[in-house]
K.L.:
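Structure incoming, see below.
What you see below is based on every heavy atom in this structure, not just the backbone, and it leaves out hydrogens, waters and symmetry mates. Below, chains carry the letters A, B, ... as their sequence lines are ordered, and counting in each starts from 1.
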Number of protein chains: 2
Amino acid sequence: MTTESLTQSQPATSHRQVSPTRLKILQVAAGLFAARGFSGVGVNEIGEATGLGRGALYYHISSKEDLLYDITTAYMSDLIAEGQSILESESDPTLRTQKLSRALMMAISEHLSEMTVCFRELHALTDERRRAVMSLHSDYQAIWSRSLSDGMAKGTFRPIPSTVLKGLLGMYFYSFLWLDPRGPQNAADIGDAFAEVVLRAVRA
Amino acid sequence: MTTESLTQSQPATSHRQVSPTRLKILQVAAGLFAARGFSGVGVNEIGEATGLGRGALYYHISSKEDLLYDITTAYMSDLIAEGQSILESESDPTLRTQKLSRALMMAISEHLSEMTVCFRELHALTDERRRAVMSLHSDYQAIWSRSLSDGMAKGTFRPIPSTVLKGLLGMYFYSFLWLDPRGPQNAADIGDAFAEVVLRAVRA
DNA sequence: GCAAACTTGTACCGATCGGTCTGTACAAAA
DNA sequence: TTTTGTACAGACCGATCGGTACAAGTTTGC
């Protein structure tokens, strides 16, 4: 699911085509960035971890920052696409909240390194690109916002301040720090538990 | 309040004494680390921002990493001390939750750069120190945990999984990304709104 | 078999990294 | 007056930074 937006050929968007080598580089880089931060990882290190020399590395990428940008946009786009799909297919506010919650938690759990980078390394991007990624974050928040508004219109939910929505999403986003995908509780269970928190917060 | 643990003379702990110059360096470094990440900031830059040359800078600090470590431990210690104080002085579970919530949100808002560093730059510390700071995070979580357990014992609250507590705290910790201390909603209001979310989540 | 396109390693660029060293200005103590 | 200690600047250290140039090796289409 995540590789979808990385592997599909993209005529219109800024995504460049992705060779298997490039995909490998993106995955390795995500792991390194998650472990030591964008500026804490050198291109030498990325080369060593992928088994590529510097020249070979720069044949597949155009810059180190591109790596970070491509990782964040790809996975945020996946998140948005999945959220949009749930928003359109499930009309019951409560069930929709549960589905959104599970999907988000499972995405974070399955691609922990990439999501860590998405949520934590935003500051390493230059202005324009940072704004672009922040815009994707807003797009994702807008999906939840629309979902809650719809629940409000149906009388199931009560109105909440936007800061509370930001907080509730932070509950998920911050989980990259403590989440253990191999832990006793799987992502779906945590997603369900978080959905319960959200529902208690917004229920009329 | 935050400067307390930085300025007080420390006979027993590892905190070294803090001259005004050193305090200034810590504040400036926190701002830079928050803006560009620990590895993204050079010591040259810290020197320029404080108006100090390299020699002068290293007269006051022992290493760049020390700066990060001192910032995180100082502010986490403050958070823990304040939380402990609330835990001991307020026995009503609901009021205590509100006080903990407000105190946390206000601390984050008042020292946004330092808190950002506390929550986001952990990975830049070497193993031993990272563990030490993570232990402080656990200590803080334990305060909330004890508060909720007490509310449970009193029949006010219901039991919740530890992952839910981690999530609820993440709601606060992640706010460094969107919080605007000069924004329309002040930190106390947001703290109250978050307290309401927590109370709805844990109320029996 | 041969050329074109694709992939790679190595050497190299100027800049900057964290950290140290030497020297100095100055004030308090002796 | 000499000594001591503090606070500072700036040159300097080896190492590494992100990125490029280029030649050699490999695959592919004809």
K.L.:
So which protein N/O to nucleotides 7-10 of chain D N/O distances come out below 3.5 Å?
P.N.:
from: dA7(D); atom 1: OP2; to: Y59(B); atom 2: OH; distance (Å): 2.9
from: dC8(D); atom 1: OP2; to: H60(B); atom 2: NE2; distance (Å): 2.6
from: dA9(D); atom 1: OP1; to: G51(B); atom 2: O; distance (Å): 3.4
from: dA9(D); atom 1: OP2; to: G53(B); atom 2: N; distance (Å): 2.5
from: dG10(D); atom 1: O6; to: G55(B); atom 2: N; distance (Å): 3.0

K.L.:
Is D70(B) salt-bridged to R129(B), cutoff N-O under 4.0 Å?
P.N.:
no
K.L.:
Take the protein atom NZ of K64(A) and the nucleotide atom C1' of dG18(D), then report the distance between them rounded to whole Å.
P.N.:
8 Å
K.L.:
Under 4.0 Å, heavy atom to any atom of DNA chain D: which of residues 31-44 of chain B qualify?
P.N.:
none
K.L.:
Could I get the full list of side chain to side chain donor-acceptor pair (under 3.5 Å) partners for T163(A), not counting sequence neighbours?
P.N.:
Q185(B)
K.L.:
Using the salt bridge (Lys or Arg N to Asp or Glu O under 4.0 Å) criterion, which residues pair with R158(B)? Sequence neighbours excluded.
P.N.:
none
K.L.:
Output all residues satisfying salt bridge (Lys or Arg N to Asp or Glu O under 4.0 Å) with R146(A), sequence neighbours left out; order by chain, then residue number.
P.N.:
none
K.L.:
Under the rule for side chain to side chain donor-acceptor pair (under 3.5 Å), what residues qualify as partners of R203(A), not counting sequence neighbours?
P.N.:
none
K.L.:
Sorted by first residue and then second, give each salt bridge (charged side-chain N to carboxylate O under 4.0 Å, His left out) pair with at least one member in residues 174-188 of chain B; sequence neighbours left out.
P.N.:
D180(B)-R182(B)
K.L.:
List the residues meeting side chain to side chain donor-acceptor pair (under 3.5 Å) with E128(A), not counting sequence neighbours, and say none if there are none.
P.N.:
none
K.L.:
Give me each pair satisfying side chain to side chain donor-acceptor pair (under 3.5 Å) with a member in residues 132-143 of chain A, each pair once, sequence neighbours excluded.
P.N.:
Y140(A)-W144(A)
K.L.:
When you list every nucleotide of DNA chain C with an atom under 4.0 Å from a heavy atom of chain B, which one comes first 5' to 3', and which comes last?
P.N.:
dC17(C) to dC21(C)
K.L.:
Could I get the full list of salt bridge (Lys or Arg N to Asp or Glu O under 4.0 Å) partners for D150(B), not counting sequence neighbours?
P.N.:
R96(B), K154(B)
K.L.:
Just list the side-chain donor-acceptor pairs under 3.5 Å for residues 43-54 of chain A, sequence neighbours left out, or say none.
P.N.:
from: N44(A); atom 1: OD1; to: R54(A); atom 2: NH1; distance (Å): 2.6
from: E45(A); atom 1: OE2; to: R36(A); atom 2: NE; distance (Å): 3.2
from: E45(A); atom 1: OE2; to: R36(A); atom 2: NH2; distance (Å): 2.1
from: T50(A); atom 1: OG1; to: I46(A); atom 2: O; distance (Å): 2.8
from: T50(A); atom 1: OG1; to: G47(A); atom 2: O; distance (Å): 3.0

